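These notes are about the structure you will find just below.
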Amino acid sequence: MSNWNQLTPSRREMIQRTLDVSGEGATLLQTYINRTIQQLTIRELGLSAVIPRKAGQGDKEYINVRTPLGAVSGTTANDGGAWVQDTTSILAATGTYAQKSFAYKTLVTRGKVTRKLQATGRSYGDILAMELQSKAEDFNQVLENSFINGDTARGGNHAHECLGYLTLLTSYLGVNQMNTMQPNAVPVAMTLNKLDETIDMVKGSANRSDLMIVCSRSGHRELNKLLQSNQQFNDVVEVAAGFRVRSYDGVPIIQSTEVSDDYLMHSNGTSIGAYTGGTSTAMFVINKRYAYVSELTPTTVMPLAKTDSQFDQFDMFWDGAPVLSNVYGGAVLMNIAMS
């Protein structure tokens, strides 16, 4: 008779049913386990996959910024220019210069696999490599969450994390780029007009290929309903690493499961009150020319010296910071109700 593992699934089932008629056949069969380990997660880590990454150096990413002069016509030194007679002296005027910085933060984790587990699972595969691969997905999920929701003011486990784009776009840089649906804490149904307004707030929005909309799956469904009701359809565009995604008005739509559907707006309606406990979501619109990740140390895996015969261990770490080099390089549409 052919080897059991070489039989087709239908043939194995036929033999098993035949043996099980007497109720004793099950003890004669070897359990067959599928070699694929199923990861019990549903994760879309879109922002981490497509946002530009640049090599960093030093203790922070430093950005020099300039506040321009106004365009008011007159003769004062604060004007961007003045119309004068040919006998009038020219007054000197310059913009205001300042420096912003984005501190590098460190994310770490450690994995451990016992010697005995590796020995007993050798026929199944490389147990250490499997754990490392799965651990990397968990690690990237934490990184994606911080890129979006990172806020040291939350305290606790968040005290040492990097500042995410929700924080950078709303308060950290002193320019309010939040485009709330209405000035109160009650979530409101999204409109295409409001989304268009949010896109227009972003510097360089005329070049749609530089932009991307980051949203949750629920937020994407809300947008799809609006497009269908207006008989509009999303195109498909290609983004970094060859990924093909849908777009709105030429702007790629990037889904991330780390964009919450539970944001709670502050009672003043102009800032976020809590990251959980609410019933609204958000859509981020960012320009990749001004929003990127500065990496001091890209994600690195380092096997640890063996200090115990019972275990093999490895560390995984990353140093860097999300950067918004221009305060007008992004905007966020908040307080979107879930229907």
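Note that the coordinates shown come from a computational prediction; the quantities given were computed from them, not determined experimentally. Counting from 1, the numbers follow the sequence of the chain as shown.
Between Cys215 and Met283, the shortest heavy-atom contact is CB-CG, 3.8 Å. Closest non-hydrogen pair, Ser146 versus Glu161, comes out as OG-OE1, 3.0 Å. Residues Phe314 and Lys112 approach most closely at CE2-N, 4.4 Å, considering heavy atoms.
The side chain to side chain donor-acceptor pair (under 3.5 Å) with Tyr275 is formed by just one residue from the set Asn149, Asp262, Asp151; it is Asp151. Applying side chain to side chain contact (heavy atoms under 4.5 Å, CB included) to Glu144 and the options Ile148, Val142, Asn140 leaves one that passes, Ile148.
Arg53 contributes a side-chain N or O that, together with a main-chain N or O of Ser48, makes up a donor-acceptor pair within less than 3.5 Å. The main-chain N or O of Phe311 is found under 3.5 Å from a side-chain atom of Lys306 such that the two form a donor-acceptor pair. No donor-acceptor pair closer than 3.5 Å links the side chain of Thr106 to the backbone N or O of Asp319. With hydrogens and angles disregarded, no donor-acceptor distance shorter than 3.5 Å links the side chain of Thr198 to the backbone of Ala331. Between the side chain of Thr281 and the main chain of Ser260, a donor-acceptor pair closer than 3.5 Å is present. In terms of modelled atom types and a separation under 3.5 Å, the side chain of Ser209 and the main chain of Asn207 share no donor-acceptor contact. At distances below 3.5 Å, not a single donor-acceptor pair connects side-chain atoms of Asp59 with backbone N or O atoms of Tyr104.
Cluster annotation: Leu143 and Tyr292 are assigned to the same hydrophobic cluster (Ile/Leu/Val/Met/Phe/Trp/Tyr, side-chain heavy-atom contacts under 4.5 Å, transitive). Phe317 and Leu107 are not part of a single hydrophobic cluster, where members link through side-chain heavy atoms under 4.5 Å apart. With hydrophobic clusters built from ILVMFWY side chains whose heavy atoms lie under 4.5 angstrom apart, Ile51 shares a cluster with Phe139.
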(request) Start with the C-alpha gap between Asp315 and Arg110, add the side-chain angles, then the distance that decides, and say whether salt bridge (charged side-chain N to carboxylate O under 4.0 Å, His left out) holds. (result) CA-CA 4 Å; Asp315 280 355; Arg110 176 168 293 178; 2.6 Å; yes
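Checked against ring pair (Phe, Tyr, Trp, His ring centres under 6.0 Å), Phe147 has the following partners two or more places apart in sequence or in another chain: Trp318. Residues meeting the side chain to side chain donor-acceptor pair (under 3.5 Å) test with Gln57, sequence neighbours left out: none.
Here the CG-CE distance, from Leu226 to Met190, works out to 5.0 Å after rounding to the nearest 0.5 Å. Once rounded to the nearest 0.5 Å, the distance linking CG of Leu169 with CE of Met334 reads 10.5 Å.
Side-chain contact between Arg246 and His220 is present, with heavy atoms from C-beta onward closer than 4.5 Å. In this structure the side chain of Phe102 reaches within 4.5 angstrom of the side chain of Leu168, judged on heavy atoms.
More than 12 heavy atoms of other residues, nucleotides or ligands sit less than 6.0 Å from atom CD of Glu197. A 6.0 Å sphere centred on CZ of Arg289 holds no more than 12 heavy atoms belonging to other residues, nucleotides or ligands.
Between Asp261 and Ser218, the side chains place a donor N or O and an acceptor N or O closer than 3.5 Å (distance only, hydrogens not considered).
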